[in-house]
A.B. asks: 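The structure under discussion is supplied below as structure tokens; questions concerning it will follow.
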Amino acid sequence: MLTDTGNKLQPVLRLKKRVQFLNVAANGQKVPTSSVILQLLHRNDSEAGRVGFTVTKKVGNAVIRNRVKRRLRGVMQELAQKNAFQGIDMVMIGRKNTYQKPYEAIVKDFSWALRKAGVALNK
């Protein structure tokens with residue numbers, strides 16, 4: 001995923017290791033919405049933003065969980081095209097109704113959660 005910052009594209013990197021997810025959960029803030037739970041940690045640097053996705057088994061079987069993760073990645077990719085997420089780590093946690101909720105509603109929920117967490121968004 002890439003973000004457009006002027007003429008240079010900045011990558012949005014992935015959180016992949018469990019310790020990174022735990023760090024965000026322990027030291028960041030949590031903003032729940034009806035379709036996604038956002039955990040966000042402001043780092044004190046200007047490095048590219050990092051994002052991780054997780055969906056628990058309570059949401060459904062592997063097919064449903066993978067579909068939810070694909071939808072969350074799509075939301076992140078859409079917002080990353082318009083915004084430079086620098087100096088933050090995010091974990092997007094899919095919820096049970098993320099599977100059936102309209103895509104635009106998920107984008108709206110995630111945008112609201114980011115603004116609530118203090119991240120300025122471009123329209």
Side-chain angles (χ1 to χ4, degrees):
M1 286 178 273
L2 299 176
T3 60
D4 185 11
T5 56
N7 295 331
K8 186 179 178 188
L9 292 174
Q10 291 289 333
V12 177
L13 305 174
R14 295 288 299 270
L15 297 174
K16 294 184 178 180
K17 299 187 181 210
R18 184 173 190 269
V19 69
Q20 294 171 321
F21 283 81
L22 293 176
N23 184 41
V24 173
N27 300 315
Q29 59 191 80
K30 179 178 172 182
V31 182
T33 68
S34 63
S35 59
V36 66
I37 299 171
L38 172 67
Q39 294 177 333
L40 189 128
L41 176 65
H42 291 277
R43 301 184 324 248
N44 294 326
D45 60 28
S46 60
E47 297 293 319
R50 300 185 298 185
V51 65
F53 304 93
T54 186
V55 181
T56 66
K57 287 186 177 181
K58 287 190 267 184
V59 171
N61 64 21
V63 173
I64 292 173
R65 291 194 311 270
N66 286 329
R67 170 107 190 250
V68 168
K69 282 191 262 189
R70 279 194 309 272
R71 296 186 92 198
L72 294 178
R73 283 193 301 268
V75 168
M76 186 62 211
Q77 191 168 23
E78 181 177 324
L79 290 175
Q81 289 175 357
K82 302 174 189 170
N83 301 282
F85 296 118
Q86 293 181 330
I88 58 175
D89 287 344
M90 294 180 276
V91 175
M92 293 176 70
I93 303 171
R95 299 186 101 168
K96 204 168 223 174
N97 68 350
T98 306
Y99 179 72
Q100 298 171 340
K101 200 161 191 174
Y103 180 78
E104 294 78 22
I106 299 169
V107 172
K108 186 177 176 182
D109 280 353
F110 184 57
S111 298
W112 178 85
L114 284 170
R115 284 192 298 277
K116 179 100 170 154
V119 177
L121 295 178
N122 299 327
K123 294 274 177 170

A.B. asks: Say whether, by atom type as modelled, one donor and one acceptor occur between the side chain of Asn83 and the main chain of Phe85 under 3.5 angstrom.
C.D. replies: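 Answer holds: no.
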A.B. asks: When hydrophobic residues are tied together by side-chain contacts of less than 4.5 Å, even through go-betweens, does Ile37 share a cluster with Ile64?
C.D. replies: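 No, separate clusters.
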A.B. asks: Specify the closest pair of heavy atoms between Gly60 and Arg65, including all atoms of both residues, with the distance to one decimal.
C.D. replies: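 Heavy-atom minimum between the residues: O-NH1, 2.8 Å.
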A.B. asks: How far does CG of Leu41 sit from CG of Leu15, to the nearest 0.5 angstrom?
C.D. replies: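 Between Leu41 CG and Leu15 CG, I get 9.5 Å after rounding to 0.5 Å.
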A.B. asks: About how many Å separate OG1 of Thr98 and CZ of Arg67, when rounded to the nearest 0.5 Å?
C.D. replies: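 Nearest 0.5 Å value for the CZ-OG1 distance: 11.5 Å.
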A.B. asks: Any idea which heavy atoms bring Ala105 and Ser35 closest together, and the distance?
C.D. replies: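 Scanning both residues completely, I find the closest heavy atoms to be O-OG, 4.4 Å.
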A.B. asks: Look at the side-chain heavy atoms of Ile, Leu, Val, Met, Phe, Trp and Tyr, link any pair under 4.5 Å apart, and say whether Tyr103 and Leu38 land in one connected group.
C.D. replies: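 Same hydrophobic cluster.
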A.B. asks: Check the pair Val107 / Glu104 against side-chain contact (heavy atoms from CB on, under 4.5 Å), numbers first and verdict last.
C.D. replies: CA-CA 5 Å; Val107 172; Glu104 294 78 22; 5.6 Å; no
A.B. asks: Can you list everything that forms a salt bridge (charged side-chain N to carboxylate O under 4.0 Å, His left out) with Arg43? Sequence neighbours excluded, please.
C.D. replies: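 Testing Arg43 for salt bridge (charged side-chain N to carboxylate O under 4.0 Å, His left out), a comparison that skips the adjacent residues, returns Asp45, Asp89.
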A.B. asks: Is there a path from Leu121 to Leu72 through hydrophobic residues (I, L, V, M, F, W, Y) whose side chains come within less than 4.5 Å of each other?
C.D. replies: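 Yes: a chain of side-chain contacts under 4.5 Å links Leu121 to Leu72.
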A.B. asks: Roughly how far, to the nearest 0.5 Å, is the CG atom of Asn27 from the CG atom of Leu40?
C.D. replies: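 Separation between the atoms: 12.0 Å.
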A.B. asks: Tell me whether Met92 is reachable from Val24 by hopping between hydrophobic residues (I, L, V, M, F, W, Y) whose side-chain heavy atoms are closer than 4.5 Å.
C.D. replies: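 No.
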A.B. asks: For residues Thr33 and Ala113, report the shortest heavy-atom separation together with the two atoms involved.
C.D. replies: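 Heavy atoms only, the tightest pair is CG2-CB, 3.9 Å.
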A.B. asks: Do you know the tightest heavy-atom contact between Val31 and Trp112?
C.D. replies: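 What the structure gives for the nearest pair is CG1-CZ3, 3.8 Å.
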A.B. asks: Using the side-chain contact (heavy atoms from CB on, under 4.5 Å) definition, which of the options Gln39, Gln20, Arg50 pairs with Val91?
C.D. replies: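 That would be Gln39; it is the only one of Gln39, Gln20, Arg50 passing the side-chain contact (heavy atoms from CB on, under 4.5 Å) with Val91.
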A.B. asks: Is there a donor-acceptor contact under 3.5 Å from the side chain of Thr54 to the main chain of Ile93?
C.D. replies: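 No.
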A.B. asks: Please report the interatomic distance CZ(Phe110) to CE(Met90), rounded to the nearest 0.5 Å.
C.D. replies: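 Going from CZ on Phe110 over to CE on Met90, the span is 5.0 Å.
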A.B. asks: Is there a side-chain contact between Phe21 and Arg18, using heavy atoms and a 4.5 Å cut-off?
C.D. replies: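 Result no, sub-4.5 Å side-chain heavy-atom pair not found.
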A.B. asks: Can you confirm whether more than 12 heavy atoms, excluding those of Lys96, are under 6.0 Å from its NZ atom?
C.D. replies: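 No, NZ of Lys96 has 12 or fewer neighbouring heavy atoms, counting only those of other groups under 6.0 Å.
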A.B. asks: Indicate the atoms forming the closest heavy-atom contact of Arg95 with Val36, along with that distance.
C.D. replies: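 Minimum heavy-atom separation between Arg95 and Val36: CD-N, 3.9 Å.
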A.B. asks: Could you tell me if Asp109 and Ser34 have a donor-acceptor pair between their side chains, going purely by distance under 3.5 Å?
C.D. replies: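 Per modelled atom types, Ser34 and Asp109 side chains form a pair under 3.5 Å.
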A.B. asks: Closest heavy-atom contact between Ala117 and His42?
C.D. replies: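 Shortest heavy-atom contact: O-NE2, 3.2 Å.
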A.B. asks: Rounded to the nearest 0.5 Å, how far does CZ of Arg71 lie from OH of Tyr99?
C.D. replies: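 CZ of Arg71 is found 9.0 Å from OH of Tyr99.
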A.B. asks: For the CD atom of Glu47 and the CD atom of Gln86, what is their distance to the nearest 0.5 Å?
C.D. replies: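 Result: 9.0 Å between the selected atoms.
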A.B. asks: Quick one, Arg14 and Arg73 - any side-chain contact, counting heavy atoms below 4.5 Å?
C.D. replies: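 Yes, close enough: below the 4.5 Å cut-off.
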